[in-house]
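The next block holds one structure in the form of structure tokens; read it before the comments.
Lettering of chains follows the sequences in order, A, B, ..., and the numbering in each one begins at 1. Every heavy atom of this structure was used, including side-chain atoms; hydrogens, water molecules and symmetry mates were not. Treat the numbers as computed from the prediction; the structure is a model and nothing was measured.
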4 protein chains.
Amino acid sequence: MTNEQSFIYNEDMRKIDENKKDAITQAVFQLTQEVGLVGLSIAKVAKLAAVSPATIYIYYKDKADMLSQILIQVKDTFDDGMEETILSVSEPLEQVKKFLNHVIRQSMKYPQLAYFMHATMESPNEIAPEGIAYSQKRTEPIIELYNRLIASGKVKNISPDLMIGWTAVPIADQLQLHFRNGTLPNEAEIQQMIELSIDAIKK
Amino acid sequence: MTNEQSFIYNEDMRKIDENKKDAITQAVFQLTQEVGLVGLSIAKVAKLAAVSPATIYIYYKDKADMLSQILIQVKDTFDDGMEETILSVSEPLEQVKKFLNHVIRQSMKYPQLAYFMHATMESPNEIAPEGIAYSQKRTEPIIELYNRLIASGKVKNISPDLMIGWTAVPIADQLQLHFRNGTLPNEAEIQQMIELSIDAIKK
Amino acid sequence: MTNEQSFIYNEDMRKIDENKKDAITQAVFQLTQEVGLVGLSIAKVAKLAAVSPATIYIYYKDKADMLSQILIQVKDTFDDGMEETILSVSEPLEQVKKFLNHVIRQSMKYPQLAYFMHATMESPNEIAPEGIAYSQKRTEPIIELYNRLIASGKVKNISPDLMIGWTAVPIADQLQLHFRNGTLPNEAEIQQMIELSIDAIKK
Amino acid sequence: MTNEQSFIYNEDMRKIDENKKDAITQAVFQLTQEVGLVGLSIAKVAKLAAVSPATIYIYYKDKADMLSQILIQVKDTFDDGMEETILSVSEPLEQVKKFLNHVIRQSMKYPQLAYFMHATMESPNEIAPEGIAYSQKRTEPIIELYNRLIASGKVKNISPDLMIGWTAVPIADQLQLHFRNGTLPNEAEIQQMIELSIDAIKK
DNA sequence: CATGAATGAGGTTTCATTCAT
DNA sequence: GATGAATGAAACCTCATTCAT
């Protein structure tokens, strides 16, 4: 995906098919939000995207494949620019802060995508294995980052899982709350969230 | 529910109807775990509970009501003894630790119930409003507890939501991870989780 | 099946469900004849039997199971009384004649069943394995009968497959022709068919 | 079709369209064998022939027309050289033997075509009327041949239908059996089949 | 209280076919 | 001539729910 905005804005589409595919993707985001991955059906997606259910099967093998491919797109969009952001500093602790900042900024920029990601993590059975695998592969560098942080001795000597559990997880959760309420965290709150996370893991 | 064990053990049931109702509840727990709240259907519940689909409608108005009532039962079971535990100490910070401990102990004792609660929070649309409301009402004392903690000046001056977000939320999330892996946290890990939570919110 | 007439006549049905099941079976026969096993669909069967498509799934697991169970019923009906007829004589050659006679009589009595059996043999993929297996098991005694005939030395020393191929197969085929034309073979023609078969295999 | 080998070998095709048409024809044969005429769909044919579904509609009006035209081609290929073979002898009985021999040889040479013909005869509803009519017209000379045989007095005085039923029909059936098992009849067996047929109809 | 039977509505997916390019 | 994209219709099947017994 060269332009991650394509999820959000439909203006200036060149190819007809991309237009339809985007409409489908948009519909999936909206429906995931409205009725959850549980209630999302191909029929509803098609109706909302103003295409025939059969059309969806041109682009995707089946429902699980559709969600999988969209998840992969979402992951790419979400992680876009993350590596550069993280590598803009050298200290592992600063890098983790940059990572958390990236998560917050992207979640605020693309709340629907963040919600979709969250939903897929709760219902992995609905997603084709490729999407799950891709998602996990994307997480590996983050785990390594946390491992470097642990190795630096600046934080508690606990598993990366626990680290993530008290940093990225509550941040994502908090942003979900905002999303559901239709609000956005202000700068002070953003700094608070990062501070809470860092304080949790610091020695 | 006077006896929370009734979820777990089917032996020594006195009333026939309670027997069937319990079988249904058990089936809901098992299916939520196996196929998620998504894939759970009345037909599957009925088959697993060895009752007719029609029987379920004797006890519950419809599917959403069934899940709602079960959620209420679960909440009761889960919170059983919580108040006494919390009030066994007087310092708000100690009370919060007691609360977190209670969450951990109950999640380990009733992993299926914890999983069910988690699932319902992800798919509130599936649950009748009564269950959601009851669930929220149950949370109010906890919010008050956190408010008392904030007032004590021993912790950061942040919203209860953020407090819960870096204490109870990651703990519940971590226990879900264990549940999915079929493991249980050891004592050291339990203490780590509480420490992480407290360190996050402490001044 | 205690009364093979139940396929044909709907009168005097006692249990409601058997009534519906019979209507479904009848519809399958009629549709197999009209549009072939190819064109037979659950929706068409349901409409013709005046039941909901969902009702069919109460009686049968799926389409293949439906055809399989009906095939088994048909085989039973068709073979009803065959053993006694065959064993009413002792000479293998006479027994084969009795067998061929039975085939002719039953095909004339239950032309729809004969047609259905024929159709299933052409499209075994449509039938659940149980039906196919049952069908094959039913053929075994016939093969043994032909083996006894071969052992008797009264006929050519060829494989049972070839024997059947020039006796039962053309007879069944010829009766299919009659069925399609809405005619029935007269006594002379019946004797001719048996004579042709016997002459083919005799030394 | 001037060259019946074109079904089998794709090399040395001159016109592009004929190449594609042949690919389609080949795909139809293969799919008829693999999934039956029942399961054969335009989409599957297109994919296997590596053409667009729309391309098929350039050559054929619709699915029934496609099968009809292919059936006509097949009939032509199958009957190729038959007349000469039959007329190479003058006795009606010898001519019938030649005919049966021709059926056997062609079925062994083009088993896929024989299978396709067999399949179409079982599901005439799938074929456009032209193909069915052509197929019947092709049979007329054979019926006349049998009529001449009957007139010769060398065989039983029975209808041509019965004659064919105990000669060509079981032979075709037997060869289908071989085809399904992936075997071929040896010379002895071929002679046996012809002998069985002749013995059946001889006085 | 309990149920087996029944169903309309809707689910996913494939079909034969068309059309703009 | 050739196609990729598109679709209405129809395929199979499951759903939550009701009702006579």
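Whole-Å rounding puts the D:Ile58 CD1 to F:dA2 P distance at 6 Å. We find that CD1 of A:Ile56 is positioned 10 Å from P of F:dT7, with the value rounded to whole Å. In this structure, A:Tyr59 atom OH and F:dT7 atom C1' are separated by 12 Å, rounded to whole Å. Distance A:Leu31 CG to E:dG11 C1': 14 Å, rounded to the nearest Å. If you measure from atom NZ of D:Lys47 to atom C1' of F:dT3, you get 16 Å, rounded to the nearest angstrom.
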Let me check I have this right: for DNA chain F, each base becomes ., (, ), [, ] or |, based on Watson-Crick or G-U pairs with both distances under 3.5 Å. What is the full string?
.||||||||||||||||||||
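In this structure, D:Lys75 and D:Ser135 approach most closely via the heavy-atom pair CE-OG, 2.8 Å. Here the closest non-hydrogen pair linking A:Ile42 and A:Ile56 is O-CD1, 3.8 Å.
Listed by first and then second residue, the side-chain hydrogen bond (donor to acceptor under 3.5 Å, both in side chains) pairs involving residues 118-129 of chain D are C:His118-D:Glu122, C:Glu122-D:His118 (not counting sequence neighbours).
From A:Met121, atom CE reaches atom CD1 of A:Ile132 across 9.5 Å, with rounding to the nearest 0.5 Å. Separation of atoms NZ (D:Lys47) and CG (D:Leu31) is listed at 11.5 Å; rounding is to 0.5 Å. Rounded to the nearest 0.5 angstrom, C:Phe116 CZ and C:Gln73 CD are separated by 9.5 Å.
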Sequence-aligned protein contact record of nucleotides 12-18 of chain E, with B where the base is within under 4.0 Å of a protein heavy atom and S where only the sugar-phosphate is:
SBBSSBB
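Counted by atom type alone, B:Asp65 and B:Tyr57 present zero donor-acceptor pairs between their side chains at under 3.5 Å.
With distances taken from any side-chain atom of D:Val51 to the nucleotides F:dT3, E:dT7, E:dA2, the minimum falls on F:dT3.
You'll find the side chain of A:Met66 stays beyond 4.5 Å of the side chain of A:Tyr59, heavy atoms only.
For D:Lys20, a side-chain nitrogen or oxygen approaches OP1 or OP2 of F:dT3 to under 4.0 Å.
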